[in-house]
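These notes are about the structure you will find just below.
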Amino acid sequence: MRFIVVCLVTLFINGCATYRNDIDEGLTLAHEGNWKAAEESMDKALDSSQDQLLFYLEKGALAQYQGDYQRSNELLEEAEKISDTFFSSTYSNRAWALLTNPRQSDYRGNGLERVYISYLKSLNYLALSGQATNTSKKQQLMDSALVEARRIDLKLNEIAAQSTSYSELNAKEDQAFYMKALEWLGNFYQGGRSSEQYEYREDAWARYLEGIQYEKSKEYDDARISYESAAQLYEAGYAKQYDLTPDAATRAWLDAIRMMDKGGWSNAEINEAIDAHLTPSYKTLLEEYNEHDAEIVVLEHQGFVPAKKEMSLLLLADPAAYSLVLEPLHGGGNTKENDAFRWFTMVYSDATPLGLIANYKAGGAWRAFDGLFNKRVILGRPVWSQLSATGLEGMLMNQPLRITVPFYPRFSLDQSKTDVTAGTFTDNLSLRMTSLADISLQNQLKTAQRDIYESLIRELIRGWLAYQVQSNIEDQGASMLIGLVSQVAVFASSASDTRNWLTLPAQVRLTRMPIESGSYTPSYSVGNKTFNMAETSIEKDDLVIWNIRNPN
């Protein structure tokens, strides 16, 4: 009997290991800009086989931030190999995760992370090319950067092929009323919510970066195509989805038009594009480009994507309505609890026609408003009968289960003004071109319904196993003891998967400044911080790419 108790408690307590506790030290050091110490801390925190992909992702990014570009590429290449396999999952791996917590399964990553492996590698090759003194070596590294740009293109095409495009979403907005009604009815039994609008379907900024690399390599037509693709994506919905300024699209059109000029397009075609896409201020900026023969391009990678947190819910039985009810587990009125409750209301609550009807049927008119504060899983009489036969109904009536799901707390992106100075040239026109923080949040919104149902099933199985062990012990005292221990263990060890690539930046800001060719020692000021670049020589018809990692 002692053996059974020990095994049972061990099984459930294994679920208590929390990813955030393991990596908090490394994240704190990273937020301070102490990249080397942060990487050393990540070595210890991510040493399990389940976190192998994260190990290479975090270390690869931190190596780049230290300026160790070759080692960064080696680490990110390992991450590339692992992410391409998609971890063919073993039955034992998934089964153990189902009985303990999701962190016991291999971390698989997501589309955004796969794209940004190649994104960071391309920046590494650009930096290495800038350091090379041998002309052939410099060109070889530039070619490698372009290979990564093409990898980005292939990955984005793969993601786009599996997602609803912006044009398809826009078509749904413009469709006839009866078609919208059919679409709504199609989502009725999913609580009236559709996750299509939250998909990471394309990446306008990644396309734009391809354009910068092609321009750097003087492949002007490929650069034009990439800039145009980025501009069209910003306009089609990318800027709106991730709360970016419309100037992001205008900036991309400006650069596409510059490539038309460099590529030998006719004046009539160029003027037509100018009139169609550029505002007066950008027309003035285009004239500045015509007056100067070189350029500094500043990429500021600022902040960090937000870290997921865990939200706790209570799972209760409602036999009268043949349903299970999930309610937020309140732990006080602090910011985290308030954010968790807002997330629950936004994502899970039954504040939808289906939920209101179910709550109304369960208890009258006033109960209909309970849907603002709970989520009801309607099983129906036949399924409820099966639930009762297994003993789950009795278990839930005696002791509610704790369900945990990941969520993102509120965050705000840095809005500090920026300044670039190089000799007598200055520029303070900085644009946020992407928000990886918003992309991460919307990725979580897309998978939220899957997360809650997987957690519900996991806790029902774990609770049922504990209940069966207790029910099959004849000694009443021992049964009560094991029941108490197992209930506490199951309740305390519920966990959700909060893993993601946390050293990615929250946002990327772009500043492009046309200047005269020559030698400069540029500086970049943002907020109360100033970054200085070593003296660099910029040749005619060339551009210098300055990649800044700002942790604040």
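The first residue in the sequence is number 1, and the count goes up from there.
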Only pairs under 3.5 Å count here: list side-chain donor-acceptor contacts from residues 270-281, not counting sequence neighbours, and write none if there are none.
| from | atom 1 | to | atom 2 | distance (Å) |
| --- | --- | --- | --- | --- |
| Asn271 | ND2 | Asn267 | O | 3.1 |
| Thr279 | OG1 | Ser281 | OG | 3.4 |

May I have all residue pairs that pass ring-ring contact (aromatic ring centres under 6.0 Å, His included) and include part of residues 504-541, sequence neighbours excluded?
none
Contacts of Gln131 meeting side-chain hydrogen bond (donor to acceptor under 3.5 Å, both in side chains) (sequence neighbours excluded), chain-then-number -> none
Ignoring hydrogens and geometry beyond distance, is a side-chain donor-acceptor pair present between [X] and [Y] at under 3.5 Å?
{"X": "Tyr125", "Y": "Gln213", "result": "no"}
{"X": "Asp293", "Y": "Ser517", "result": "yes"}
{"X": "Trp501", "Y": "Thr503", "result": "yes"}

Determine whether the aromatic ring centres of Tyr220 and Tyr214 lie less than 6.0 Å apart.
no
So, taking the atom named [atom1] in [X] and the one named [atom2] in [Y], what distance separates them when rounded to the nearest 0.5 Å?
{"X": "Met513", "Y": "Glu295", "atom1": "CE", "atom2": "CD", "result": "9.5 Å"}
{"X": "Leu57", "Y": "Gln52", "atom1": "CG", "atom2": "CD", "result": "10.5 Å"}
{"X": "Glu288", "Y": "Ile515", "atom1": "CD", "atom2": "CD1", "result": "12.5 Å"}
{"X": "Ile257", "Y": "Tyr289", "atom1": "CD1", "atom2": "OH", "result": "12.5 Å"}

I'd like to know if the side chain of [X] reaches the main chain of [Y], judged simply by a donor and an acceptor atom lying under 3.5 Å from each other, with no hydrogens or angles considered.
{"X": "Gln241", "Y": "Gln197", "value": "yes"}
{"X": "Ser41", "Y": "Ala37", "value": "no"}
{"X": "Asn500", "Y": "Leu502", "value": "no"}
{"X": "Gln449", "Y": "Val347", "value": "yes"}
{"X": "Gln64", "Y": "Leu120", "value": "yes"}
{"X": "Ser266", "Y": "Glu269", "value": "yes"}
{"X": "Tyr408", "Y": "Gln442", "value": "no"}
{"X": "Ser72", "Y": "Gly60", "value": "yes"}
{"X": "Ser440", "Y": "Leu436", "value": "yes"}
{"X": "Asn110", "Y": "Glu113", "value": "yes"}

Would Tyr238 and Thr434 satisfy side chain to side chain donor-acceptor pair (under 3.5 Å), going step by step from the backbone distance to the final call?
CA-CA 9 Å; Tyr238 187 88; Thr434 191; 2.7 Å; yes
Answer yes when [X] and [Y] have at least one side-chain N-carboxylate O distance shorter than 4.0 Å, and no when they do not.
{"X": "Asp261", "Y": "Arg258", "value": "no"}
{"X": "Arg150", "Y": "Asp153", "value": "no"}
{"X": "Arg207", "Y": "Asp203", "value": "no"}
{"X": "Lys309", "Y": "Asp339", "value": "no"}

Just grab all the salt bridge (Lys or Arg N to Asp or Glu O under 4.0 Å) pairs involving [range], residues at least two apart or on different chains.
{"range": "residues 527-549", "value": "Lys216-Asp542"}
{"range": "residues 64-73", "value": "Glu39-Arg71, Asp68-Arg71"}
{"range": "residues 119-140", "value": "Glu77-Lys121, Lys121-Glu148"}

Flag if over 12 foreign heavy atoms under 6.0 Å of NZ, Lys36
no
Atom NZ of residue position Lys240 - does it have more than 12 heavy atoms of other residues, nucleotides or ligands inside 6.0 Å?
no
Does some side-chain heavy atom of Phe304 sit less than 4.5 Å from a side-chain heavy atom of Leu27?
no
Evaluate salt bridge (charged side-chain N to carboxylate O under 4.0 Å, His left out) for Arg151 paired with Glu80, printing each intermediate quantity in order.
CA-CA 11 Å; Arg151 278 189 177 182; Glu80 183 83 72; 3.3 Å; yes
What do the steps show when you test Gln140 against Asn134 for side chain to side chain donor-acceptor pair (under 3.5 Å), and what is the final call?
CA-CA 10 Å; Gln140 179 186 347; Asn134 180 282; over 6 Å; no
Testing Trp205, Tyr65, Trp546, Tyr119 for ring pair (Phe, Tyr, Trp, His ring centres under 6.0 Å) with His301, which one passes?
Tyr119
